[in-house]
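Below is one structure, written out as structure tokens; the observations come after it.
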Amino acid sequence: MATHKVKIAARLRPKIQGELDDDSVQIHHPTDNTGGSSSSLALGVSYISVTNPRDPSQVFKFPFSSCYGQDSNQEEIFRNDVEPLIDVVYSGVTVTIFAYGVTSSGKTHTMQGTKTDPGVIPRVVQAMFEKKGQLLQYQTSLSVSYMEIYKDEVYDLLVTRENAPKLPVRENDVGMVFVANLTSTPIPSIEDFETIYNQATKHRSVGATNLNRASSRSHAVLTIEATMVDAVANTTLTGKINLVDLAGSENNKLTGNDPSRMAESSAINKSLSVLGQVVHALNQGASRIPYRNSKLTRILQDALGGHSVGLLICNLAPGTKFRQDTLNTLNFAVRTKNVENRPVVNERDNRPTLKPHFAALQPPVPKPAPALLQPISTAGSSAAPGAMRSRASLVPVPRVPRASMLSGANLYQSFGLPGAAPVRRNVINEKSSEGEGDRSGSMGFGMTEKEIDERISKAVEAEVARRLAERERERLAEEQRSKEIEQEASKSPPIKEKTLPSGVLTPLLKRHKDLDDELKNRLHELERKFERGSKETQLADVLSPVSKKKTGRAYVALARAHSEKGDLQVALDLYRKAETYVPDNIKLKERIIEIEWSVKNGKQYVPSPKPPKKAKNKKKKVKQPENVESEDHMVVDDQDGAKGKGKKGAEFGMELTNTESPNKSKRHLDSEIDSAQTPLKRQKRAVNIADGVESDDEDEWVPSAPTRKSKRKAVT
Ligand SMILES: Nc1ncnc2c1ncn2[C@@H]1O[C@H](COP(=O)(O)OP(=O)(O)OP(=O)(O)O)[C@@H](O)[C@H]1O
């Protein structure tokens, strides 16, 4: 099945009143021949640069195919990245566009916009209606559904709030996730949509924070569905576009959330953290993707490693104040752009009496994609390192019904990659000729429907059994072969001594043999690395939060030792391993980016200066709860160039740690871990600390996994 990578568009918003823009985040475009503006769509590789305030010579670059600067406008983004997807929807494919970014970075502005400056949603609706008018061969109807995910519960925004029950997220028997009982309302005109949408938007949970007077406190998913009935071919195509305005990740120190907002905030950050873990797991080719860990990721499952075409709009806020959030967002974007989906055309055959036939058991032939898709498909040309592994199925690929379809021979067909002729006419031609052939074929046998069904079931069972047996035979033969090789190797002396006594080899043969050995060694090394990688992920999956944290900490200590020796590549590998255990650790992510940069540019890595140790005076700690978390964060140059962990340093990178109670110190966390351990474990831990395995380097380590106790504190 053809794959399609999630496309990324990054947008930097202009500074808003009272903000300081110090140019630390910039958008760079290769200008076109006519000397296009800096905000025009990049013709070559455009990138975002983020300067390290600690060392201005360090500039992190993030290349994306679409980057929009502060002077970009809504029209530009729509024309370049969104409008081409309307044709994809009308070819029967699901498209998901989601806006991601820290709170107040401009997600709602981009998705919704204002009356005078409409964003993606109103423009998509208008384009959907325009296109609908051009599709003369179809009877097309549009419908809308709108839901929000608030504190990990799903609510229908199209019903009044008092009546809105919590909706369950379900999975049908072919693994399609859907929200049960969600209202879907027909939209005969744009005006009808506007009335429904404006009303529904009022139901959405919005609250004021220090950073945003109208901060979205929930994730909102608006879906426009196009149903296209072709009366000639007797088929129905269903295309959908999901427009997702995510709630922003939050730093409670910056947003100034009061306790009543903390529960919302914690749910928002948790779901976004799971989103990060899903992308991480997909990139690692993990056997288990944690979609089920939040409603958000379950609902977005189809867009991440599923069957829809995806566009991620990353919203960024300018200035050093948001630098940590900007790096997090860009990091997430870099990972997401390696996620591969397998889009399918959703087509239903409306012929009433036609039963499945043998031809339907064959895997569907990929349909050529509409030529218009080419621009959005360029990123999906080859498997990138770390891209999601496809899992082959033993069962012949059936044409499976989609959740939204009621009955009949619903068909899922793979969505071809670009380069072929437009699809729609082809679909109809193929369909009708195939249909005619089938009808005459099945009728010609003179069998009853029951007999045909039985035959089909038998054929499927036999085929599955045959393939399983074949697999098993291959596996046994493989096992046998490796056993024989092992036995051979243990019995006989090394090949070199036996068959090629010294002095017999000609220099040429010798060289061949050396190369062969080297190749074998490399392959073994690669295999070992791969095995280690997936073992690492599997291990991280089953460890408790405390064990994960300890393992991550041990890797960090080792990595640090190597980086101090100047062994940067090894240090980088170890930091990456640590990240498998603590994927949400912001400080760690930043360290990885910095070392990657040093390795890539052949520069020496200068670790950030250690912060002065905090006085271990208990009273002081109680007096300054604000500084407790800040000690885990980076040292930042302030505007005057003074270095230190003062007030400014405390402002960065908090959003994933804010489930921690502000009063909870690292020391408290450690004592909780200690009390949860057996005396033997406590003893071992003490030895580890004494050996320096468990680093107490606060600049390096952020304890991000909250204990149950601390979570409770945060919520209350
Ligand atoms: N491109 C832009 N041009 C002008 N103003 C913008 C732009 N992007 C955002 N803004 C303004 O910035 C403020 C915050 O934007 P917005 O509410 O869209 O952020 P958000 O990311 O949706 O925040 P939250 O996650 O808290 O809902 C708003 O006042 C908005 O009008």
Side-chain angles (χ1 to χ4, degrees), residues 9-21 25 27 37-39 48 66-78 80-82 97-123 148-151 157 201-222 243-258 261-262 264-273 275 296 312-319 321-322 325-326 328-330 332-333 654-656 658:
R11 182 183 199 186
L12 178 65
R13 75 153 163 76
K15 71 181 170 77
I16 44 183
Q17 217 183 355
E19 267 183 357
L20 186 74
D21 181 7
V25 184
I27 306 282
S37 74
S38 67
S39 71
I48 296 163
S66 292
C67 295
Y68 298 94
Q70 302 195 11
D71 52 350
S72 65
N73 60 49
Q74 310 272 51
E75 168 80 7
E76 219 176 329
I77 295 169
F78 178 74
N80 295 329
D81 283 311
V82 180
I97 301 179
F98 44 118
Y100 180 94
V102 67
T103 186
S104 90
S105 56
K107 297 178 296 297
T108 306
H109 181 83
T110 300
M111 294 306 281
Q112 197 172 304
T114 58
K115 208 158 183 62
T116 49
D117 195 11
V120 168
I121 291 173
R123 286 170 196 270
E148 76 169 347
I149 306 164
Y150 177 66
K151 292 203 230 165
L157 287 173
T201 307
K202 287 185 198 143
H203 298 152
R204 191 174 170 194
S205 307
V206 174
T209 66
N210 286 354
L211 288 182
N212 194 351
R213 273 191 304 119
S215 177
S216 314
R217 313 305 300 160
S218 65
H219 310 295
V221 183
L222 179 86
L243 301 162
V244 187
D245 181 7
L246 296 171
S249 53
E250 304 202 340
N251 173 342
N252 289 326
K253 289 235 170 78
L254 289 183
T255 48
N257 282 339
D258 58 44
R261 289 260 171 269
M262 290 291 271
E264 285 174 355
S265 182
S266 137
I268 293 170
N269 287 339
K270 193 205 155 202
S271 57
L272 291 172
S273 159
L275 185 62
L296 175 70
L312 172 73
I313 303 177
C314 282
N315 289 94
L316 309 168
K321 181 172 151 190
F322 291 102
D325 299 304
T326 302
N328 290 341
T329 302
L330 292 170
F332 176 74
M654 307 297 293
E655 92 282 9
L656 292 177
N658 66 2

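Remember, it's 1-based here, ligands and their atoms both numbered in the order they're listed.
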Query - Subset of ligand 1 atoms that lie under 4.0 Å from at least one heavy atom of Lys107 - result: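 Ligand 1 atoms under the 4.0 Å threshold to Lys107: 18 (O), 19 (O), 20 (P), 21 (O), 22 (O), 23 (O), 24 (P), 25 (O).
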Requested in this report: Quick one: closest heavy-atom pair of Ser271 and His219, and the distance?
Outcome: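 In terms of heavy atoms, the two residues are closest at OG-NE2, 2.8 Å.
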Can you check whether [X] has an N/O within less than 3.5 Å of an N/O in ligand 1?
X: Thr110; value: no
X: Gly106; value: yes
X: Ser104; value: yes

Requested in this report: Could you walk me through whether Tyr100 and Asp245 pass side chain to side chain donor-acceptor pair (under 3.5 Å), step by step?
Outcome: CA-CA 7 Å; Tyr100 180 94; Asp245 181 7; over 6 Å; no
Report task. Taking Glu148 for its side chain and Thr201 for its backbone only, find out whether a donor-acceptor pair lies under 3.5 Å. Result ->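 Not a single qualifying donor-acceptor pair exists.
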**Report entry** All side-chain contact (heavy atoms from CB on, under 4.5 Å) counterparts of Pro122, not counting sequence neighbours
**Finding:**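 Per chain and number, Pro122 pairs via side-chain contact (heavy atoms from CB on, under 4.5 Å) with Pro118.
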Report task. Report the distance from atom CD1 of Ile27 to atom CG of Leu12, rounding to the nearest 0.5 Å. Result ->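 Between Ile27 CD1 and Leu12 CG, I get 5.0 Å after rounding to 0.5 Å.
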Within less than 4.0 angstrom of ligand 1, does [X] place any heavy atom?
X: Val102; value: yes
X: Arg11; value: yes
X: Gly101; value: no

Query raised in the report: Do Asn315 and Thr110 have side-chain atoms, one donor and one acceptor, less than 3.5 Å apart?
Result: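 Per modelled atom types, Asn315 and Thr110 side chains form a pair under 3.5 Å.
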Query raised in the report: Hey, looking at atom 6 (C) of ligand 1, which of Met111, His109, Gln74 has the closest heavy atom?
Result: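 Residue with the shortest heavy-atom distance to the ligand atom: His109.
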Query - Ala99 contact mode with ligand 1 (heavy-atom cut-off under 4.0 Å) - result: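 Answer for Ala99: neither.
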Query raised in the report: Under 4.5 Å between any side-chain heavy atoms of Leu296 and Leu246, yes or no?
Result: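 Yes, side chains in contact.
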